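Here is the structure we will look at, set down as structure tokens.
For this chain, numbers begin at 1 and follow the sequence in order. We count ligands from 1, going down the list as the structure has it; atoms in each ligand are counted the same way. In this text the structure is predicted, and so the values were computed from the model without any measurement.
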Amino acid sequence: MNMDNVARMQAGRSISRPAENPTLRVLSLGAGVQSTTLALMSARGDLPTVDFAVFADTKAEPRKVYEHLAWLETQVPFPIIRASRDGLSLGDAALAIASGAVARGGAPMIPWFTDDPTGMLPRQCSKEYKTRVVQRVIRGKLGLAAGERAPKGITVEQWIGISWDEMQRMKTSELAFIHNRWPLMESGMDRRSCYAWLDDRQYPRPPKSSCIYCPFRDNAAWADMKENEPEDFAGAIAIDRGIRPGFPGMEGAAYVHKSRTPLETADFSSKSDGANLFDEECEGICGI
Ligand code: SF4
């Protein structure tokens, strides 16, 4: 271990700590690189064993993510609970808002790119389709009804797979009885070290997790999807076409791609500007 790692671990441990005697230890599993690393570290005893993991399913992950999840379920000793928000899937909700079948405010919004004015729509999808889905599962395990306060003494340690390179995405829980913990931060691990950890143990590299139509995907990822995952790409195009009005009465048009052009003709050749587009995802739960 070099000094960089040691310094990172010290800094990481000053901002992420275990909960004291947690009632439950839960992994929020996006099934991407970082949360897969945490799941396997827990399974192998490199970290404590979690009671269960929750995969909040928007029903729109890439095909490869579902395949990877099915594999991961065979590798860990704890249950992986797949759960989704009740009602419309995220993609159907976006189409319903765009067509006016559901009023704006009647379903969570995805932050589509807009051209008049140039900007993005509000971000509500990750909170409502991921964070709160995991919370609902935790509440169910504790026998708590929606909105019910947890009795004193109940603490849930929730692991989130934020790595060192994405520390700006760390966010405390909105619920007092859920204590967010970022074990990769405490280990000084970044995304590259997660890959190295997986490679050393001959695990397959996980695909990047995020909805197929997620506007936070960079050009390299779009180009890869177009070339290698035509069904996922066709699904993203269908959503992109359907959300063009944004919502009834919106000025201008809404797009999935940052260029604010239709996805089917968008130019993916320009390199990413180096920014992590997921920095814009407010919950720190997607893409990991
Ligand atoms: S992956 Fe993207 S579209 Fe899906 S919930 Fe997260 S931010 Fe929203």
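Remark: Arg85 is positioned above the aromatic ring of Tyr129, its terminal NZ or CZ atom under 6.0 angstrom from the ring centre and at most 45 degrees off the axis.
The side chain of Phe216, and not its backbone, has at least one atom closer than 4.0 Å to an atom of ligand 1 (non-hydrogen atoms only; side chain from C-beta on).
The Ser210 neighbourhood of ligand 1 comprises atoms 1 (S), with distances under 4.0 Å to a heavy atom of that residue. Every atom of ligand 1 with a heavy atom of Cys286 under 4.0 Å away is listed here by number and element: 1 (S), 5 (S), 6 (Fe), 7 (S).
At a cut-off of 2.8 Å, Cys125 is not counted among the residues with an N, O or S atom near atom 2 (Fe) of ligand 1.
Counting heavy-atom neighbours within 6.0 Å of Asp200 CG, excluding the residue itself, gives a total above 12. Environment of CZ in Arg201: crowded, with over 12 heavy atoms of neighbouring residues, nucleotides or ligands closer than 6.0 Å. By the neighbour-count criterion of 12 heavy atoms within 6.0 Å, atom CD of Glu231 is sparsely surrounded, having that number or fewer from other residues, nucleotides or ligands.
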